[in-house]
Protein chains: 2
Amino acid sequence: MSKLENLLREFDLRATPGRQEVLQIFLNYDFALSHSDIEKDMPKEADRVTLYRTLKTFLDKGIIHKVLDDQGGLKYALCSHSCNHEQHNHNHVHFKCNNCGQTTCLDVHIPPVKLPKGFNISETNLLMQGICGNCNRS
Amino acid sequence: MSKLENLLREFDLRATPGRQEVLQIFLNYDFALSHSDIEKDMPKEADRVTLYRTLKTFLDKGIIHKVLDDQGGLKYALCSHSCNHEQHNHNHVHFKCNNCGQTTCLDVHIPPVKLPKGFNISETNLLMQGICGNCNRS
DNA sequence: GTTTATGCAAATTCTTTGCAATACT
DNA sequence: AGTATTGCAAAGAATTTGCATAAAC
C-alpha cells in the first residue's frame, strides 16, 4: 500500500486515485495552492466538481487548511501533525510574496493578541505580504 | 453641498449619486460589508457592474480598505484618517463573529512579528474569529 | 453488499470588458 | 466643452446541486 494511500486512510478516507493525485500535488509544492493552481496540475480530463469536493473533504478531515488571500480567493496548504477532524490547530503566519506570488506557511507563531472583554477567540489568521527571502536574494 | 459630496471631493472623486449612495451605506454600518451586502442595500435598479467599479475606485483612493474573510470572499470597511491614494495604512485587527456573522475593525493594533532574514513586509492582515462581545452578552 | 465517491449536466452566481449614452465639473 | 462615470449587453469564470454510475471497502 502506497504512502499516499496510507496517509488518506489515516484520515478515514477512501484512497481513491483522484484523492491521491490531489494529495501528491500538495506534497510537490511547499507553498499554498488555489483551486485553479491544483486544477492546472491535474490531468486535463479531471473533473472540476470533484476537485471542489475533494478540497472540502480534505479541509473537513484536517489534511489541509485554508490560507487567506488578499485578492479574496482562498488557497490551501497541508496541515502539520496537529490537525484532525475535530479541530484545526494553526498558529503560524502566512506570507504572500508580491513578487513571485507564492504564499507560504512560515514557521513563525502568531503572537497573542488581547481583545476587549467579552470576545472569545477560536481562530486566528495572519497574512503578511511583501517580498520573500528568495525574491530579495535574486 | 452635502457631507457626502464633500467627503468624495476630498478624495478627488466626482460626487455622483451612486457613489454617495454607497458611501452612505458604509456610514450606516459599523461593520465590514461584502459586495453582496451592499447590493442588497441599494435600490434594486442599481447596476452591479457600477458597484464593482465604485468599490474599486474607493479602494484605490483610500476611502475603504479590504477586510479578508475566512470563506474566501472580501469585505470592505471605511478607512480611518490615515489612508489616501498613495498608501493604505492599516494596522488593526479584524474580528469576525461566528455567531452574528459580522466582521468589525477593532481598535487593537497588530503586534509586530519578526520574520526570518530577507523578508520585507509591506502589509499585514489579521483576522480573528470567535464570538463577539455583543453575542456573548446575549 | 453496502457505502462512498465520481462524472456529467445544468443551473446559478460572480466578475470582467467594451462601448455608447449620460452626468459631472 | 471636456472628461469621467454609468448602464447595458455579453462573455467568461467560478461555484453549487442532483442524480445515475462506478469504485472502494
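Numbers restart at 1 for each chain; the letters A, B, ... are given by sequence-line order, proteins then strands.
Each of A:E39 and A:R53 was matched to the nucleotide of DNA chain D holding its nearest heavy atom; the match closer to the 5' end belongs to A:E39. Two residues, B:R14 and A:A46, neighbour DNA chain C, and the one matched to the more 5' nucleotide by heavy-atom proximity is A:A46.
Checked against D:dA9, C:dT25, D:dT17, the side chain of B:A15 finds its nearest nucleotide in C:dT25. Of the candidates D:dT6, C:dA23, C:dG7, C:dG7 carries the atom nearest the A:D47 side chain, counting heavy atoms from C-beta on.
Put simply, the side chain of B:N136 gets close to the backbone of A:G118: a donor and an acceptor are under 3.5 Å apart.
In this structure, A:Q71 places its CD atom 19 Å from P of C:dC14, rounding to the nearest Å. Here the P atom of nucleotide C:dT15 and the OH atom of B:Y52 are 4 Å apart, to the nearest Å. Between B:R9 atom CZ and C:dT25 atom P the separation is 4 Å, expressed in whole Å. The interatomic distance linking B:L8 (CG) with C:dT25 (C1') rounds to 14 Å, in whole Å. Taking atom CG on B:L13 and atom C1' on D:dT3, their separation rounds to 14 Å, with Å as the unit. Atom-to-atom, CD of A:E21 to P of D:dA24 comes out at 14 Å; the value is rounded to the nearest Å. The distance between atom CD of A:E5 and atom P of D:dA24, rounded to the nearest whole Å, is 10 Å. The distance between atom CD of B:E45 and atom P of C:dT22, rounded to the nearest whole Å, is 17 Å.
No hydrogens or angles considered: a donor-acceptor pair under 3.5 Å links the side chains of B:S34 and B:D37.
Using a 4.0 Å cut-off, no side-chain N or O of B:T16 falls inside it from OP1 or OP2 of D:dA4. Look at B:R19 and you'll find a side-chain N or O under 4.0 angstrom from OP1 or OP2 of D:dT5.
Taking all atoms of both residues into account, the shortest heavy-atom contact from A:G101 to A:K75 is O-NZ, 3.5 Å.
At least one side-chain heavy atom of A:R19 sits under 4.5 Å from a side-chain heavy atom of A:R14.
For A:N6, the CG atom is densely surrounded, since the number of other residues' heavy atoms within 6.0 Å is greater than 12.
A donor N or O paired with an acceptor N or O is not found under 3.5 Å between the base of C:dT15 and the side-chain atoms of B:R48.
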